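Working notes for the structure below.
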Amino acid sequence: MASDTISLRARRATEAGSKNLMWDVQNNLWDAETNPTGYVNVGMAENSLMHDVLLEYINTKIELPAKYLTYNDGGHGSSRLKTAMSKFLSRHLHPAVPIESRHLTITNGVSAAIEHLSWALADPGEGILLGKPFYGTFIPDLSLRLGAEVVQVDFDDCDPFCSGAVRKYEDALLGFERRTGKKVRALMLCHPHNPLGRCYPRETIIELMAFCQKYQIRLISDEIYALSVWENTIDTSPAPVEFTSALSIDTTGTIDPQLLHVLWGMSKDFGANGIRVGVIISQANPDLHASLVGVSLYSFISGLSDHVAANILEDEQFTNRYIELNRRKLSDSYRFVAQYVQHHHIEYAPGCNAAFFLWVNLGKRYLELHPERSSGDVSEEVMQRLLQKRVFLASGVLFGSEKPGWFRIVFSQPREYLQEALSRVISALSEP
């Protein structure tokens, strides 16, 4: 067979990729005039609300110096970009220790940054803790090519954002080490959270730090949505929590700073997935950064992306304006979608104030509209109905959802697009 000509890991990657509908959807996107039968995509975590603003800015700044056609300062990011990013992040994340250029390794997106940390911190078979529900691509980012074992953490009826959730991480760590004889090396945190759109309270982050210190494991805080925090004007319970970067917490007496790593990138807060700029921020790990120099060749951002990102981040007046407008637009879009699903009696997880997501229980509403159906997990049935209506949502099955029937709606799209998507969702659920 032809598949025998490639490695086992390559065959596994092929199998995993064959289950991903995203690229088929992307190649046939809806347009009201040119492709009215295409897919409406509210499943991919992209923010298009500010594309016009960002494009206008970028298109006035493309004067590329010749050095950006060379290898410049190497695969881990130019000195100029590191300086711009360290100053920008110090302004917005309010770190307890100011961020310096030497604290950064630049990558071509945060996925590459996650993979680098998995490579650097865990040997094949060793564990990395990941709480449910999770961003589905964390699994391949951490394990597909590197062989680390993702230890999925169940919370049952415990709120994953409360301090009591720390015990669930501890149970998962002890169970994995007892079962496998291997060590857990890190805890992966998505903060603000994808898909739940909530921020971890400061107290919970501190308790997670203390837990990591106790077992001498790394805390990786993926803060790619750090600046996409907005006002929630319709939910009161649970009350939305203000974002606190892990870097802003004084680690003295809580965790060795060598155990703390934070990730950020341009993809979400600047609505620019295609620019491919991510960063590993680790303030007490010169050895880690030195180890990544060699492999940075495989995550080398383009000179054009380096130049564009530095232009943006150096412009304090523009970025302040941009972030404020983006937050207002995200707040408006959330309110529209949340009120829409309320009107159609669809349960959703309240308390959001960050990122682009509404976590909705379509399975429950589907069963209410179709009482002849037996109860149970109808996630796949609902997914097929959505695809028949050419609307794409991410199923909670891919996010390790502990409860069936949940889906993630991405609301960072123009109003017309959201109206088309939501009308198709309602049609998919209600038709016989």
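Quick note: numbers below take in every heavy atom, side chains included, and nothing from hydrogens, waters or symmetry partners. Please read all numbers here as calculations on a predicted model, not as lab measurements. All residue numbers in this chain count up from 1 along the given sequence.
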Measuring only between side-chain heavy atoms, which start at C-beta, is [X] closer than 4.5 Å to [Y]?
X	Y	answer
Arg365	Val360	no
Asp24	Tyr39	no
Ile426	Ile346	yes
Asp222	Asn194	no
Arg202	Ser248	yes
Asn361	Trp406	yes
Leu386	Phe407	yes
Leu418	Ser333	yes

- Task: For Ser282 and His261, run side chain to side chain donor-acceptor pair (under 3.5 Å): C-alpha distance rounded to whole Å, both residues' side-chain angles, the deciding distance at 0.1 Å, then the answer.
- Result: CA-CA 5 Å; Ser282 201; His261 315 279; 2.7 Å; yes

Atom [atom1] in [X], atom [atom2] in [Y]: separation rounded to 0.5 Å?
X	Y	atom1	atom2	answer
Ser296	Ile280	OG	CD1	10.0 Å
Ile99	Ser245	CD1	OG	7.0 Å
Asp250	Ile255	CG	CD1	12.5 Å
Tyr57	Phe318	OH	CZ	6.0 Å

- Step by step, would you call Gln384 with Gln388 a side chain to side chain donor-acceptor pair (under 3.5 Å)? CA-CA 6 Å; Gln384 292 306 314; Gln388 287 169 13; 5.5 Å; no

For [X], is the [atom1] atom crowded, meaning more than 12 foreign heavy atoms sit under 6.0 Å from it?
X	atom1	result
Tyr298	OH	no
Arg167	CZ	no
Lys183	NZ	no
Arg145	CZ	no
Lys87	NZ	no
Glu100	CD	yes

Quiz question: by atom type and distance under 3.5 Å, do the side chains of [X] and [Y] form a donor-acceptor pair?
X	Y	result
Glu223	Ser221	yes
His116	Ser299	yes
Arg80	Asn72	no

[X] vs [Y] aromatic rings, parallel, tilted or perpendicular, using cut-offs 30° and 60°?
X	Y	result
Phe399	Trp359	perpendicular
His344	Tyr340	parallel
His193	Phe161	perpendicular
Trp264	Phe270	perpendicular

- Trace of the side chain to side chain donor-acceptor pair (under 3.5 Å) decision for Tyr135 with Asp141: CA-CA 10 Å; Tyr135 165 54; Asp141 286 351; 5.0 Å; no

- Query: So among Tyr334, Phe243, Tyr225, which one has a ring pair (Phe, Tyr, Trp, His ring centres under 6.0 Å) with Trp230?
  - Reply: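 Of the listed residues Tyr334, Phe243, Tyr225, the ring pair (Phe, Tyr, Trp, His ring centres under 6.0 Å) partner of Trp230 is Tyr334.
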
- Query: Going through the checks in order, is the salt bridge (Lys or Arg N to Asp or Glu O under 4.0 Å) test met by Arg198 and Asp235?
  - Reply: CA-CA 12 Å; Arg198 292 169 61 189; Asp235 296 335; over 6 Å; no

- Query: Pick from Ile323, Asn353, Asn326: which one makes a side-chain contact (heavy atoms from CB on, under 4.5 Å) with Ser228?
  - Reply: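 Passing option: Asn326.
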
- Evaluate the criterion side chain to side chain donor-acceptor pair (under 3.5 Å) for residue pair Arg102 and His289; output intermediate values, then yes/no. CA-CA 8 Å; Arg102 62 190 177 91; His289 291 296; over 6 Å; no

